[in-house]
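Okay, structure first, notes after.
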Amino acid sequence: DPVVVDDLAAESEADPTKQEYRSAISLPLGDVGVFQAVSTETAAFDDDDVERAELLMAHVAVSLERVRAEAGLRDERDRLSALFENIPDAVVSFEMTDDGPIVGQVNEAFEETFGYDESELVGENLDEYLVPEGGTEVDRDAGRLNERLRAGENVRHEGRRKTADGVRDFLMYVVPLELGTENVAGYAIYSDITERKERERELRRQNERLDEFASVVSHDLRNPISIADGWLD
């Protein structure tokens with residue numbers, strides 16, 4: 001609450017820094033501190049002064065809060081930029097539009113992984129660079145992902161993407177800045193899993209060869225086993 005002291009000399013709790021200060025007004029400044037004004041005359045402040053001072057301090061408090069918020073946003077942006085640049089996986093910021101994801105920024109790991117310079121990608125449709133050509137299923141796959149992104153969904157997906165050196169396998173995490181909002185901006189993180197997928201494909205081929213071998217052996221042994229079974233009987 002505002003406090004007005006008409007005579008500081010008569011106020012036991014007052015402790016003016018100079019004896020010539022005779023009257024004072026004191027108001028809270030938001031949660032920051034206290035504003036005080038003094039006069040060398042007694043009863044120098046009236047209700048109009050209190051009203052004007054309260055209005056002034058309200059403006060000052062709002063301005064200070066805005067400065068605090070801007071400083072907080074700068075700190076948050078700096079932390080996010082540091083994370084964006086230093087994360088070991090390839091990361092791209094994008095804005096989802098009706099035409100697809102438009103590149104806003106990529107980190108150094110993205111440039112190294114995909115072989116494209118940031119200056120080449122910014123403002124371009126990301127799909128035109130990363131989605132392999134000539135695959136109907138791949139096109140449908142990319143289309144489904146884009147529909148989910150336009151709806152503001154988180155996406156975790158394994159798929160093949162094109163790099164400057166050829167097509168590779170990636171685990172993709174795509175995070176919109178606002179969940180459930182259409183055509184929002186977000187971040188896509190790509191982890192190269194090509195070696196793992198190659199091992200899986202090789203294991204699959206080995207299993208297929210083993211199944212084929214087992215089928216051939218089973219067929220070749222069927223007649224001798226039938227004869228042996230007959231002799232056994």
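All residue numbers refer to positions in the sequence shown, counting from 1. What you see is a predicted model; the values in this text were computed from it and never measured.
- Minimum interatomic distance between Phe45 and Val38 (heavy atoms only, all atoms of both residues): CZ-C, 3.9 Å.
- One hydrophobic cluster, built from ILVMFWY side chains closer than 4.5 Å, cannot hold both Phe94 and Val122; they sit in different ones.
- Linking Ile, Leu, Val, Met, Phe, Trp and Tyr whenever their side-chain heavy atoms come within less than 4.5 Å leaves Leu145 and Val175 in two separate clusters.
- In this structure, the separation between CZ on Arg148 and CG on Asn154 is 9.0 Å, given to the nearest 0.5 Å.
- Counting only distance, with no hydrogens or angles, the side chain of Glu118 and the backbone of Val106 share a donor-acceptor pair below 3.5 Å.
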Expected list for residues 202-214: side-chain donor-acceptor pairs under 3.5 angstrom, two or more places apart:
unit_1 : atom_1 : unit_2 : atom_2 : d
Glu202 : OE1    : Arg205 : NE     : 3.2
Glu202 : OE1    : Arg205 : NH2    : 2.7
Glu202 : OE2    : Gln206 : NE2    : 3.4
Asn207 : ND2    : Leu203 : O      : 3.4

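- No hydrogens or angles considered: a donor-acceptor pair under 3.5 Å links the side chains of Thr194 and Asp192.
- Considering CZ of Arg168 and CZ of Arg160, their distance stands at 9.5 Å, rounded to 0.5 Å.
- No hydrogens or angles considered: nothing links the side chains of Thr42 and Asp7 as a donor-acceptor pair under 3.5 Å.
- Using a 4.5 Å heavy-atom cutoff, the side chains of Leu64 and Arg68 are not in contact.
- With contacts defined as side-chain heavy-atom distances shorter than 4.5 Å, the pair Val174/Met96 does not qualify.
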List the steps, then state whether side-chain contact (heavy atoms from CB on, under 4.5 Å) holds for Leu8 with Arg22.
CA-CA 5 Å; Leu8 291 172; Arg22 300 301 307 278; 5.7 Å; no

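- Interatomic distance, Ile227 CD1 to Leu232 CG, rounded to the nearest 0.5 Å: 13.5 Å.
- Note that OG of Ser226 and CG of Leu221 are 10.5 Å apart. Values are rounded to the nearest 0.5 Å.
- Using a 4.5 Å heavy-atom cutoff, the side chains of Thr163 and Phe114 are in contact.
- To the nearest 0.5 Å, atom CG of residue Asp89 and atom OH of residue Tyr173 are 9.5 Å apart.
- A side-chain donor-acceptor contact under 3.5 Å links Asp49 to the backbone of Asp46.
- The two residues Ala164 and Gly115 come nearest to each other via the heavy atoms CB-O, 3.8 Å.
- Residues Arg144 and His157 form no side-chain contact, since every pair of their non-hydrogen atoms from C-beta on lies 4.5 Å or further apart.
- Side-chain contact check for Glu51 versus Leu55: every heavy-atom pair is 4.5 Å or farther apart.
- Of all non-hydrogen atoms in Gly159 and Met172, the two that sit nearest each other are N-CE, 3.8 Å.
- Among all heavy-atom pairs drawn from Phe170 and Tyr190, the shortest one is CD2-CB, 3.9 Å.
- Contact detail for Pro28 and Met57: the closest heavy-atom pair is O-CB, 4.1 Å.
- Remark: side-chain polar atoms of Asn107 are paired, donor with acceptor, to backbone N or O of Val91 under 3.5 angstrom.
- A heavy-atom distance below 4.5 Å is found between the side chains of Glu198 and Arg201.
- Here the CD atom belonging to Glu95 is positioned 13.5 Å from the CG atom belonging to Leu126, to the nearest 0.5 angstrom.
- At a threshold of 4.5 Å between non-hydrogen side-chain atoms, the residues Leu130 and Lys162 do not count as touching.
- Ring orientation note: the planes of Tyr116 and Tyr129 are nearly perpendicular, at an angle over 60° on the 30°/60° scale.
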Walk me through it: do Lys197 and Glu158 pass the test side-chain contact (heavy atoms from CB on, under 4.5 Å)?
CA-CA 10 Å; Lys197 298 299 288 187; Glu158 289 187 7; 3.3 Å; yes

Should Glu111 and Asp117 be marked as a side-chain contact (heavy atoms from CB on, under 4.5 Å) after you check the CA-CA gap, both sets of side-chain angles, and the distance that decides it?
CA-CA 6 Å; Glu111 293 179 308; Asp117 291 334; 4.3 Å; yes

For Asn146 and Asp127, run side-chain contact (heavy atoms from CB on, under 4.5 Å): C-alpha distance rounded to whole Å, both residues' side-chain angles, the deciding distance at 0.1 Å, then the answer.
CA-CA 10 Å; Asn146 286 342; Asp127 287 348; 2.7 Å; yes

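- Tracing side-chain contacts under 4.5 Å through hydrophobic residues (I, L, V, M, F, W, Y), one reaches Leu27 starting from Leu29; they form part of the same cluster.
- A donor-acceptor pair under 3.5 Å links the side-chain atoms of Ser93 to the main chain of Gln105, judged by distance alone.
- Side-chain contact check for Pro101 versus Asn125: some heavy-atom pair is nearer than 4.5 Å.
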